[in-house]
Amino acid sequence: MARAEVLYNRALSPYHFLMGLSYTGVRPAPGQFVMLRISSGSDPLLRRPFGVFSLLEDERGQVTGITILYRVVGRGTQIMSEFGEGQAVDLLGPLGNGFPAPKEGERTILVAGGMGLAPLNLMALVYPESKLIFGARDGVEASVIDASKEYGLLPSVVTEDGSEGEKGLVTDLLSSALEGLDPASVVVHSCGPMGMLRAVSALMLEMGVKTYVSLENSMACGLGACLGCAVTCTGNGGEGEYRFVCSDGPVFESTDIDWARIRDGH
Amino acid sequence: MARAEVLYNRALSPYHFLMGLSYTGVRPAPGQFVMLRISSGSDPLLRRPFGVFSLLEDERGQVTGITILYRVVGRGTQIMSEFGEGQAVDLLGPLGNGFPAPKEGERTILVAGGMGLAPLNLMALVYPESKLIFGARDGVEASVIDASKEYGLLPSVVTEDGSEGEKGLVTDLLSSALEGLDPASVVVHSCGPMGMLRAVSALMLEMGVKTYVSLENSMACGLGACLGCAVTCTGNGGEGEYRFVCSDGPVFESTDIDWARIRDGH
Amino acid sequence: MAIKTSVDIGGVTIKNPVMTASGTFGYGEEFAPYTDLRALGAVVVKGLSLKPRPGNPTPRTVETPSGMLNAIGLQNVGVEPFIEEKLPYLRDIGVPAIANIFGESVDEYRAVAERLEGCKGIAAIEINISCPNVKKGGLQFGTDPNSARTVVEAVKAVTSLPVMTKLSPNVTDIRAMALAVEDGGTDSISLINTITGMVVDIDKRRPVLANGVGGLSGPAIRPVAVRMVCEVASVVRVPVIGMGGIMNGDDALQFIIAGATAVQVGTASFIDPDSAAKVVSGIESYMKKYNIEDINELVGSIKLD
Amino acid sequence: MAIKTSVDIGGVTIKNPVMTASGTFGYGEEFAPYTDLRALGAVVVKGLSLKPRPGNPTPRTVETPSGMLNAIGLQNVGVEPFIEEKLPYLRDIGVPAIANIFGESVDEYRAVAERLEGCKGIAAIEINISCPNVKKGGLQFGTDPNSARTVVEAVKAVTSLPVMTKLSPNVTDIRAMALAVEDGGTDSISLINTITGMVVDIDKRRPVLANGVGGLSGPAIRPVAVRMVCEVASVVRVPVIGMGGIMNGDDALQFIIAGATAVQVGTASFIDPDSAAKVVSGIESYMKKYNIEDINELVGSIKLD
Ligand SMILES: Cc1cc2nc3c(=O)[nH]c(=O)nc-3n(C[C@H](O)[C@H](O)[C@H](O)COP(=O)(O)OP(=O)(O)OC[C@H]3O[C@@H](n4cnc5c(N)ncnc54)[C@H](O)[C@@H]3O)c2cc1C
Ligand SMILES: Cc1cc2nc3c(=O)[nH]c(=O)nc-3n(C[C@H](O)[C@H](O)[C@H](O)COP(=O)(O)OP(=O)(O)OC[C@H]3O[C@@H](n4cnc5c(N)ncnc54)[C@H](O)[C@@H]3O)c2cc1C
Ligand SMILES: Cc1cc2nc3c(=O)[nH]c(=O)nc-3n(C[C@H](O)[C@H](O)[C@H](O)COP(=O)(O)O)c2cc1C
Ligand SMILES: Cc1cc2nc3c(=O)[nH]c(=O)nc-3n(C[C@H](O)[C@H](O)[C@H](O)COP(=O)(O)O)c2cc1C
Ligand code: FES
Ligand code: FES
């Protein structure tokens with residue numbers, strides 16, 4: 001747990017913000033997340049989880065801060081969007097297991113949907129040779145990709161309504177990206193809405209491409225203690241079992257997930 | 001109900017603040033109070049009551065704002081002390097019945113203890129011929145009197161530890177102030193801790209001076225609806241009855257209060 | 001789209017499903033400067049007893065996390081002065097008043113109901129059974145199904161007004177209480193009243209409230225209230241009126257979807273005296289958003305799987 | 001000033017009155033990076049059943065005003081793997097572990113207790129009776145005094161460990177439950193477990209939790225918990241362990257003054273994993289401020305008038 005301070009809190013759209021937070025602990029790996037306390041009182045009570053979007057470093061490469069990319073969806077993120085510079089925020093993390101590091105000779109493709117961009121942006125920054133595909137519903141949702149472009153990343157962009165980049169779905173771009181590649185040489189890392197992760201996983205399974213997905217779930221603790229963030233996994237000798245997004249994930253190999261038993265709603 | 005904005009929020013001591021709030025409704029009378037909502041969420045849930053310390057006016061004398069003088073005693077006032085300029089605050093008021101206006105030929109003495117200064121400051125400003133007596137426990141508590149002096153008021157000051165003004169109690173000053181006056185020509189208005197109000201009332205009863213006290217009580221609504229802020233009064237043909245600080249008060253004639261049935265704690 | 005928000009709450013139809021809760025809205029008039037009373041489905045007035053009651057010593061209220069405790073002690077002017085002095089206001093502006101009544105014996109409940117018989121402006125009686133039964137050694141009517149049924153039967157026998165019975169949440173099985181009062185002939189069931197709680201002043205080492213314990217209300221209790229409304233609605237046939245921590249239209253919709261035909265707004269009125277009217281417009285916005293023409297389509301629409 | 005914080009919680013003495021609550025602190029080890037476990041009086045582990053249990057589908061948790069609902073479904077590794085894999089950690093660092101146990105029949109409770117007999121590192125057993133009794137058609141052990149007494153007797157018969165019985169607040173009369181388990185021979189009583197609640201997703205028109213209902217915990221329930229602890233402490237002779245919404249030392253002191261010999265910290269650990277240790281130091285500061293040499297002077301020191 002650390003007392004962080006808001007360095008900046010920049011609006012990318014009316015609903016999307018990039019927040020810089022002072023932070024000097026362990027270097028977060030791509031795919032790890034932090035839990036922020038929104039209020040010192042009891043409403044909102046629980047911390048909110050956010051992926052690490054990028055790291056802020058001093059001239060010696062020491063981590064001096066992190067950024068998080070977030071969308072206003074409810075009370076907690078609404079309050080966050082009103083934080084000014086200098087606001088003290090209690091930060092717990094980095095937590096969870098990130099994306100596995102690419103191996104020699106591996107082609108890394110990152111597939112982000114909407115706010116799923118957050119952890120994959122850090123992945124793309126740490127492993128610049130990876131290819132970043134980004135999809136969004138519409139132009140407003142797509143506005144977050146500017147934050148990646150500012151880091152010099154060159155993502156391929158699709159939107160469902162064609163208002164930004166090509167019109168289509170990330171799976172379209174992913175299929176084209178894989179053309180001519182040996183499926184066995186490729187690893188896909190994906191983060192975004194459950195429906196998208198399901199589609200990407202199904203397609204990649206069909207094509208024989210190893211795929212990791214970063215999941216979200218309601219979290220009370222982020223520490224593996226409340227057992228709230230259970231996700232149905234295959235395993236346990238085929239009987240199925242629950243694993244935990246916060247402590248076993250948030251990144252899972254897509255074939256470990258029991259997709260049939262997951263509702264897309266959450 | 002009105003949406004007010006914090007114009008300034010000035011520290012007078014580590015625990016005492018003067019907050020300016022934009023406000024354009026009915027002109028508050030001395031002794032009336034407002035209820036402020038501290039959070040848009042549910043913790044803290046209830047509004048907090050504060051007396052009106054002074055009015056802000058434009059060149060035509062129209063009310064453009066009010067100030068409140070407050071001490072940090074708990075969560076609500078702690079959060080208030082952190083409000084910056086421009087912070088939106090939901091304000092309900094003015095509420096309650098203020099001090100009765102002085103009548104022709106009446107000598108008005110205002111006796112304030114600690115934060116009880118708030119409503120009496122406005123009284124002193126509106127009726128400059130009145131005499132203001134202020135008492136505090138110590139120098140820190142006495143720091144609020146500077147806010148009155150800035151308005152050109154010339155209060156007599158005592159502190160229990162002698163760190164500011166004379167050493168003593170407000171009742172000492174009050175006794176001297178009454179010397180040579182016809183008790184029937186004097187009206188005392190008082191606000192402060194219950195123990196002080198009790199002492200002032202007893203002394204004035206003895207001396208035959210008409211006295212009004214402004215009371216505080218836990219308030220949920222401020223509107224006479226919850227019946228929470230009951231105070232034991234004489235009346236009801238001697239049987240005693242409850243009256244309400246928010247709607248019948250906060251100012252009561254001291255002889256209407258059934259002092260024997262009130263705990264000083266609150 | 002024309003939307004229909006009127007609901008039948010058991011023998012009486014109100015123009016929308018939003019009422020104010022007893023004890024949190026005075027006798028209506030207190031709120032006139034701050035809200036349009038005519039926007040409300042009905043106003044439930046402060047609990048009435050046969051004789052005036054002075055109530056408890058102070059402190060009577062204390063804030064708690066997302067809630068408050070109150071121990072007002074059912075202070076009220078008594079049924080007679082209510083009819084003479086308080087009722088005319090609501091009647092004259094045309095807002096249905098619901099008289100919340102209580103007593104310390106079955107006879108007292110009956111007597112209050114009798115006194116209300118034939119009074120113009122009263123749309124229904126709400127029986128508050130969260131009251132100690134002095135004849136039964138202080139055991140609450142509201143926690144014993146048989147006593148509760150007896151009270152309802154007694155009131156029903158002397159009134160021609162629709163009767164709503166208000167349940168206490170301080171019970172093991174709220175369904176048993178609901179079935180008992182339905183059996184007693186109640187026309188509708190409202191819930192929840194407050195949950196008994198205590199806050200200790202650790203410096204003085206005594207309860208903050210002079211009465212020791214008080215009733216917990218506000219957003220803190222909402223999940224408990226929604227659960228109980230859902231349970232009750234699934235076992236009774238009469239309309240259910242839900243309350244407990246409703247602050248806005250979305251909160252009210254939780255209750256309606258869980259099975260409430262109407263709702264009452266309580267503590268929220270202390271924080272924003274216009275809350276109940278805002279709940280009405282919040283419900284209407286939701287209906288427009290989802291193209292729901294009649295509020296009754298929503299009542300009990302919850303999918304439990 | 002030397003202050004004494006150790007308390008006897010019924011056959012076992014712990015160095016200070018602060019424990020973690022079952023289900024909110026894992027098996028202790030998860031919190032080692034964030035807090036000094038040795039600062040705690042004891043760690044109560046996640047509820048244990050005879051066989052591993054998979055628990056409920058997700059969503060399993062949802063936030064509420066100043067609280068949360070959980071419907072974990074008592075997922076746990078089972079008593080055997082607990083003893084083999086989880087217990088050694090706490091034993092090795094010297095923190096007393098209290099095993100929270102549950103079952104769906106009296107036999108299952110007994111079997112879990114038997115399995116724990118003689119295990120080094122376990123200071124006591126906490127019986128969670130908020131569990132459906134499958135033999136009695138799902139009626140909770142925790143809401144029926146006779147079933148509760150039977151469970152306690154069965155466990156006491158097979159264990160030499162001190163037994164703490166944890167009460168459910170979802171009852172009309174918590175005193176009757178407390179007296180029943182005291183009669184059954186429990187060495188101490190802990191309370192409160194969670195209050196049953198529901199949150200409705202108004203867009204999907206179904207409960208947010210996959211399980212429908214869940215248990216409410218956190219600051220929202222604190223006033224209810226303090227009241228129940230006060231009630232129970234006034235009727236039983238065994239030590240009472242209080243919990244429900246304790247976030248800091250001051251909150252814990254409310255329970256102690258109201259009659260609790262010790263406290264448990266639950267939901268707070270999710271928000272600040274160092275909460276329980278901070279409660280210890282908060283209590284110590286208070287004792288110093290008021291010159292209290294022995295924490296036992298505070299227990300039940302509440303003035304009720
Ligand atoms: C590991 C992890 C990493 C995340 N990273 C990011 C990120 O980088 N940027 C970002 O904007 N968001 C991220 N989220 C989601 C973010 O935590 C939620 O949007 C946030 O907690 C909502 O808080 P709120 O108070 O605004 O909304 P609430 O009022 O709590 O909820 C509003 C709505 O959001 C839904 N919601 C709440 N929590 C979650 C959740 N955890 N996942 C999905 N939906 C949720 C609710 O069901 C509800 O419909 C992440 C979630 C997880 C679990
Ligand atoms: C009519 C009226 C006018 C007031 N005017 C002023 C004013 O001008 N300036 C000012 O600083 N304060 C004033 N007060 C008191 C002020 O309302 C309380 O200090 C404030 O509500 C405390 O809020 P909190 O959240 O900080 O404290 P809480 O956490 O709510 O309480 C902290 C402590 O303060 C005590 N307390 C809470 N409310 C009151 C209250 N209403 N009266 C006395 N003690 C209380 C509590 O018992 C507790 O011990 C007034 C109160 C009333 C009723
Ligand atoms: C100050 C106060 C006074 C109340 N008085 C009564 C009453 O006289 N009769 C009654 O049936 N309920 C009374 N109640 C209970 C409310 O009507 C309502 O059932 C309860 O507060 C829960 O709703 P809420 O959370 O919206 O406030 C009172 C509640 C409060 C807060
Ligand atoms: C996520 C979660 C899981 C819980 N699991 C258990 C359990 O396994 N056994 C048990 O007796 N109580 C369990 N509880 C109840 C707590 O131990 C405690 O009684 C309750 O949460 C009230 O305390 P709190 O408000 O401090 O959290 C659980 C509570 C939560 C929030
Ligand atoms: S959030 Fe608590 S176990 Fe994952
Ligand atoms: S504060 Fe509600 S009646 Fe006075």
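Heavy-atom distances place no part of I221(D) under 4.5 Å from chain C, backbone and side chain included. The part of V213(D) that comes within reach of chain C is its side chain, from C-beta onward, which places non-hydrogen atoms under 4.5 angstrom from that chain. When heavy atoms are compared at a cutoff of 4.5 Å, I256(C) does not approach chain D at all. With a 4.5 Å cut-off on non-hydrogen atoms, I257(D) touches chain C through its side chain but not through its backbone.
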Could you please show the donor-acceptor pairs under 3.5 angstrom between chain C and chain D, with distances rounded to 0.1 Å?
| unit_1 | atom_1 | unit_2 | atom_2 | d |
| --- | --- | --- | --- | --- |
| S66(C) | OG | S66(D) | OG | 2.5 |
| T172(C) | N | T172(D) | OG1 | 2.9 |
| T172(C) | OG1 | T172(D) | N | 2.9 |
| T172(C) | OG1 | T172(D) | OG1 | 3.2 |
| T196(C) | O | R227(D) | NE | 2.9 |
| T196(C) | O | R227(D) | NH2 | 3.1 |
| M198(C) | N | P223(D) | O | 2.8 |
| V200(C) | N | Q254(D) | OE1 | 2.9 |
| I202(C) | O | Y286(D) | OH | 2.4 |
| D203(C) | OD1 | Y290(D) | OH | 2.5 |
| K204(C) | O | K303(D) | NZ | 3.0 |
| R205(C) | O | K303(D) | N | 2.9 |
| R205(C) | NE | Y286(D) | OH | 3.1 |
| P223(C) | O | M198(D) | N | 2.8 |
| R227(C) | NE | T196(D) | O | 2.9 |
| R227(C) | NH2 | T196(D) | O | 3.1 |
| Q254(C) | OE1 | V200(D) | N | 2.9 |
| Y286(C) | OH | I202(D) | O | 2.4 |
| Y286(C) | OH | R205(D) | NE | 3.1 |
| Y290(C) | OH | D203(D) | OD1 | 2.5 |
| K303(C) | N | R205(D) | O | 2.9 |
| K303(C) | NZ | K204(D) | O | 3.0 |

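For the options A225(D), P65(D), G245(D), A210(D), heavy-atom pairs under 4.5 Å to chain C are most numerous at P65(D). Among the candidates I202(D), L298(D), I302(D), the residue making the largest number of heavy-atom pairs closer than 4.5 Å to chain C is I202(D). Annotation: maximal heavy-atom pairing with chain C below 4.5 Å, among G212(D), G218(D), P207(D), occurs at P207(D). The residue among L304(D), V229(D), V62(D), V226(D) with the most heavy atom pairs within less than 4.5 Å of chain C is V226(D).
Residues L69(D) and P223(C) approach most closely at CD2-CB, 4.2 Å, considering heavy atoms. Between L216(D) and A220(C), the closest heavy-atom pair is CD2-O, 3.8 Å.
Remark: P145(C) pairs with M177(C), A180(C) by the side-chain contact (heavy atoms from CB on, under 4.5 Å) rule, at least two apart or across chains.
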